[in-house]
Amino acid sequence: MAAKRAAKSTRDGSTEVTALLEERAHPLRKDIDQVRKIILGVDPSISEAVKWNTASFRTTEFFAAVHLRSEDHVQLVFHTGAKVKQSAQHGVELDDPDGLCRWLAKDRCLVTLEAVTRQRKALESLVRQWIRQLA
């Protein structure tokens with residue numbers, strides 16, 4: 001098993017996250033890499049790091065993590081960070097016309113992508129909305 005890594009963010013994620021994904025040899029690695037590029041391209045304030053033993057994304061705080069256990073679809077957990085916030089009580093509102101989100105709690109959802117290229121715009125929209133609500 002890989003040694004525990006500190007959460008060190010990099011803009012392009014070309015180091016720690018890439019090394020983790022290489023270790024894992026995930027069957028959807030190409031799609032995961034595409035999702036990484038999409039998310040990082042949404043806003044210049046977004047960076048990635050290894051957090052919770054997976055590829056995770058942040059602005060001022062972490063807001064999403066790749067769910068590496070899923071081997072059929074690329075999945076992301078969108079969350080409001082490690083500390084409980086008001087959104088845990090009142091929820092996060094998202095416009096999700098493509099139905100990509102499955103709510104796990106008021107402040108956390110699982111986003112499932114079946115065709116990353118086709119769902120790019122929907123993913124970009126969800127990321128924009130999520131980080132706007134966390135600001």
Side-chain angles (χ1 to χ4, degrees):
M1 180 164 249
K4 192 171 186 175
R5 294 174 184 80
K8 181 180 174 189
S9 298
T10 58
R11 176 68 190 134
D12 64 5
S14 62
T15 54
E16 292 86 6
V17 174
T18 299
L20 172 79
L21 294 174
E22 286 174 2
E23 285 175 16
R24 292 287 181 94
H26 197 282
L28 299 174
R29 170 68 190 276
K30 288 182 183 179
D31 290 331
I32 291 169
D33 284 344
Q34 188 176 5
V35 166
R36 291 170 60 202
K37 287 178 186 173
I38 291 168
I39 292 173
L40 291 170
V42 166
D43 189 284
S45 69
I46 298 173
S47 61
E48 68 177 353
V50 173
K51 178 88 171 157
W52 301 297
N53 205 26
T54 190
S56 297
F57 302 91
R58 68 176 300 151
T59 53
T60 56
E61 293 186 55
F62 286 96
F63 68 88
V66 176
H67 182 58
L68 290 175
R69 291 184 197 143
S70 174
E71 294 188 357
D72 298 332
H73 301 94
V74 175
Q75 292 186 316
L76 300 157
V77 177
F78 279 38
H79 54 82
T80 58
K83 296 178 184 174
V84 176
K85 296 180 179 63
Q86 281 188 328
S87 57
Q89 297 294 322
H90 63 75
V92 175
E93 293 184 30
L94 294 178
D95 180 27
D96 179 24
D98 291 21
L100 300 180
C101 297
R102 185 180 90 206
W103 290 93
L104 306 172
K106 288 183 178 183
D107 62 347
R108 167 178 320 268
C109 69
L110 182 67
V111 175
T112 301
L113 302 167
E114 295 181 11
V116 175
T117 302
R118 182 175 49 82
Q119 295 172 311
R120 176 187 192 112
K121 294 292 182 197
L123 176 59
E124 290 171 338
S125 174
L126 290 174
V127 171
R128 276 190 206 94
Q129 291 177 69
W130 197 269
I131 64 174
R132 232 186 347 257
Q133 293 213 20
L134 299 181

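Excluded from the calculations below are hydrogen atoms, water molecules and symmetry mates; all remaining heavy atoms, backbone and side chain alike, are included.
The two atoms that bring Trp103 and Arg108 nearest to each other are CE3-O, 3.4 Å, heavy atoms only. Taking all atoms of both residues into account, the shortest heavy-atom contact from Ala55 to Leu20 is N-CD2, 3.9 Å. Taking all atoms of both residues into account, the shortest heavy-atom contact from Asp96 to Cys101 is OD2-N, 2.8 Å. Nearest heavy atom pair, residue Ser70 against residue His26, reads O-NE2, 2.9 Å.
Few gaps surround CZ on Arg29; more than 12 heavy atoms of other groups in view lie less than 6.0 Å from it.
Using a 4.5 Å cut-off on side-chain heavy atoms (C-beta onward), Val111 and Val74 make no contact. Between Leu113 and Asp31, the closest side-chain pair of non-hydrogen atoms is not below 4.5 Å. Within the 4.5 Å cutoff, the side chain of Arg128 has no heavy atoms near those of the Asp43 side chain. Residues Thr59 and Leu134 form no side-chain contact, since every pair of their non-hydrogen atoms from C-beta on lies 4.5 Å or further apart. Between Leu76 and His67, the closest side-chain pair of non-hydrogen atoms is not below 4.5 Å. At least one side-chain heavy atom of Leu104 sits less than 4.5 Å from a side-chain heavy atom of Arg102. In this structure, Arg24 and Leu68 have side chains that are in contact, with non-hydrogen atoms separated by less than 4.5 Å. Within the 4.5 Å cutoff, the side chain of Ile39 has heavy atoms near those of the Phe63 side chain.
Taking CD from Glu114 and NE2 from His73, the interatomic distance works out to 4.0 Å, rounded to the nearest 0.5 Å. Here the straight-line distance linking atom CG of Asp107 with atom CD of Gln133 works out to 11.5 Å at 0.5 Å rounding. The CH2 atom of Trp130 lies 11.5 Å from the CD atom of Glu93; values are rounded to the nearest 0.5 Å. In this structure, the separation between CZ on Arg36 and CD1 on Ile32 is 9.0 Å, given to the nearest 0.5 Å. Note that CG of Leu28 is 11.5 Å distant from CD of Gln34, once rounded to the nearest 0.5 Å. Once rounded to the nearest 0.5 Å, the distance linking CG of Leu126 with CG of Leu100 reads 5.5 Å.
Ring-plane geometry between His79 and Trp52 is classed as perpendicular, the angle between the planes exceeding 60 degrees on a 0 to 90 degree scale with a lower cut at 30.
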List the steps, then state whether side-chain contact (heavy atoms from CB on, under 4.5 Å) holds for Val66 with Phe57. CA-CA 9 Å; Val66 176; Phe57 302 91; 4.0 Å; yes
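At a threshold of 4.5 Å between side-chain heavy atoms, the hydrophobic network of Ile, Leu, Val, Met, Phe, Trp and Tyr places Val77 and Val50 in two separate groups. One hydrophobic cluster, built from ILVMFWY side chains closer than 4.5 Å, cannot hold both Leu110 and Phe78; they sit in different ones.
The existence of a salt bridge linking Lys37 and Asp33 is excluded, since no basic side-chain nitrogen approaches an acidic carboxylate oxygen closer than 4.0 Å. Arg58 has no carboxylate O lying under 4.0 Å from a charged side-chain N of Glu61, or vice versa, which leaves the two without a salt bridge.
A distance-only check finds no donor-acceptor pair linking the side chain of Ser56 to the backbone of Ala65 [under 3.5 Å].
If you check the side chains of Gln129 and Ser125, you find a donor sitting under 3.5 Å from an acceptor.
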